[in-house]
Number of protein chains: 2
Amino acid sequence: MYNACKSGTSEKNPLPEKTQKKPSRIQQRNRRLILDAALEVFSRHGFRGATLDQIAAEAGLSKPNILYYFDGKEDIHLTLLSQLMENWLDPLVEMNPAGDPVKEILAYVQRKLDMARELPRESRLFAGEILQGAPRIRPELEHHLKPLFDEKCALIARWVDEGRLPPLDPRHLIFSIWATTQHYADFESQVSLLMDAADDTYASAARHLETMFTRLLTA
Amino acid sequence: MYNACKSGTSEKNPLPEKTQKKPSRIQQRNRRLILDAALEVFSRHGFRGATLDQIAAEAGLSKPNILYYFDGKEDIHLTLLSQLMENWLDPLVEMNPAGDPVKEILAYVQRKLDMARELPRESRLFAGEILQGAPRIRPELEHHLKPLFDEKCALIARWVDEGRLPPLDPRHLIFSIWATTQHYADFESQVSLLMDAADDTYASAARHLETMFTRLLTA
DNA sequence: AAAAATTTTTACCATTTGGTAAAGCCAAGA
DNA sequence: TCTTGGCTTTACCAAATGGTAAAAATTTTT
């Protein structure tokens, strides 16, 4: 069994009982504080751009105190990334093989767009990691993302074979969905500069993406 | 007149004649070496992740020698970004108001995809900067990108008004083009992990994007 | 060739930063 | 009350890193 309290690849044992006993209330609270602060800082400045001092300040704790709860900067980053992966894959997992192809895919697009709006920090954290060659998260990608991706590609290919979708490359369809939805979180600084501040970017984006993918999938 | 030899926002004058006289042959060569090395390093590790030592090693020069040609790390980065902006906007500039709307936009998509394939380092450098809130390039975005964006949005809106394109939001159309094409460069590590290494990713991506935007624009 | 200007290297420096050791604090149980 | 064990702080450190001064080497000009 995997102990949810312990992070990624660890050898040391800074918290004497961490691997065995239940985390105390204060432990839960502080780990949460740290991870939340780290998400903020890492997503804004990238792994190397972030400093433990910044994270400590954001969390309202001292730097050594942070290192009491995590084995180091890398440990915090990896913990964050691992936790993120679950939520990240969720919308794709929910794509239902028994449902209507067009409806399922359009719903997936909307769920992805919702995530970009509600979790922009997570999106940027992930984007930054991939952008730099996924040095820390590649194993996670191989073990969790790749199988799911292959499974859903096969599903979409089947839908195409059955004539329930027009001919298209499932892999590139998924890439296009990821790219267009995450764009609003990852490139937010550019988007907000180019959009008139007046109207709701995400609302109009939702309409546009629905239009685009509807036309693609019902040709 | 803007002196191409001088970089972004500078006050100091490390090269005595740089602002006035023509750059010597050796000066041209070394500045080029440094910028090329810096592009490599910055695009792989981001601004803060890159070190002058890495850039120096990659360029085959010593660190102080690099600081003889540039005012500092920031100066190199900004120079790179400014030079990039031109090439980056070029494909959009080329979108011809007198041409056929669908053809023009599809051609733009292909040009953008070509750029992602041929200049992935530039794409990632730009993406990294935007991802972190465009702290160094925002003025360039405002002065160069924004006016061009607005102009082309107006053009596309006119095409829609004239009934030569189906109803759509020009802003989100452009975002979708940027997102889907740059995705192949910016998220290359993920894409290459998910695609079977066998087939040509960019070739199939080109077909997919042509299909997708054709269906969107000819509905 | 000598002088002048430019380019490169050597030897540093100050700051930042991830991380540690050890003493002090504080709450719960004996 | 006293002790035990987890939690926090204070005071550090070694390495990395952006940057500089000035001498040495090289190229260009006269």
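In what follows, every heavy atom counts, from backbone to side chain, and hydrogens, waters and symmetry copies are set aside. Every chain is numbered from 1, with letters handed out A, B, ... down the list of sequences.
Here the C1' atom of nucleotide D:dT20 and the OH atom of B:Y69 are 17 Å apart, to the nearest Å. For the pair B:Q54 CD and D:dA16 C1', the computed distance is 11 Å after rounding to whole Å. Going from atom CD of A:E74 over to atom P of C:dG19 covers 8 Å, rounded to whole Å. Atom P of nucleotide D:dC13 and atom CG of A:L67 are separated by 18 Å, given to the nearest angstrom. Going from atom OH of B:Y68 over to atom C1' of C:dT7 covers 5 Å, rounded to whole Å. What separates CZ of A:F70 from C1' of C:dG18 is a distance of 16 Å, to the nearest Å.
Using a 4.0 Å heavy-atom distance criterion, B:I26 is classed as a sugar-phosphate-only contact. As judged by a 4.0 angstrom heavy-atom cut-off over every strand, A:S62 is placed among the base-contacting residues. B:A56 comes within 4.0 angstrom of nothing in the nucleic acid, heavy atoms only.
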Could you list the donor-acceptor pairs under 3.5 angstrom formed by side chains in residues 135-143 of chain A, with sequence neighbours left out?
from   : atom 1 : to     : atom 2 : distance (Å)
A:R136 : NE     : A:H77  : ND1    : 3.3
A:R138 : NH2    : A:G133 : O      : 2.9
A:E140 : OE1    : A:H144 : ND1    : 3.2
A:E140 : OE2    : A:S82  : OG     : 2.9
A:H143 : ND1    : A:P139 : O      : 2.8

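Two residues, A:N30 and B:G49, neighbour DNA chain D, and the one matched to the more 5' nucleotide by heavy-atom proximity is A:N30. Between B:L52 and A:N65, it is A:N65 whose nearest contact on DNA chain D lies nearer the 5' terminus.
For B:T51, the side-chain atoms get nearest to D:dT17 when compared with the rest of C:dT8, D:dT17, D:dT8. With C:dT17, C:dT9, D:dT9 as the choices, the nucleotide that has an atom nearest any side-chain atom of A:P64 turns out to be D:dT9.
Contact of A:K73 with C:dG19 (side chain to base): no donor-acceptor pair of N or O atoms is detected under 3.5 Å.
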Worked check of salt bridge (Lys or Arg N to Asp or Glu O under 4.0 Å) between B:D114 and B:R117
CA-CA 5 Å; B:D114 286 344; B:R117 185 184 56 216; 3.4 Å; yes
For a salt bridge (Lys or Arg N to Asp or Glu O under 4.0 Å) check, start with the C-alpha distance between B:D186 and B:R124, then their side-chain angles and the critical distance, and finish with the verdict.
CA-CA 5 Å; B:D186 300 343; B:R124 284 194 282 267; over 6 Å; no
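Within residues 131-138 of chain A, no residue has a heavy atom under 4.0 Å from DNA chain D.
Between B:D36 and B:R32 there is no salt bridge, since no side-chain nitrogen of the basic residue lies less than 4.0 Å from a carboxylate oxygen of the acidic one.
Qualifying ring pair (Phe, Tyr, Trp, His ring centres under 6.0 Å) partners for A:H45, counting only residues two or more places apart in sequence or in other chains: none.
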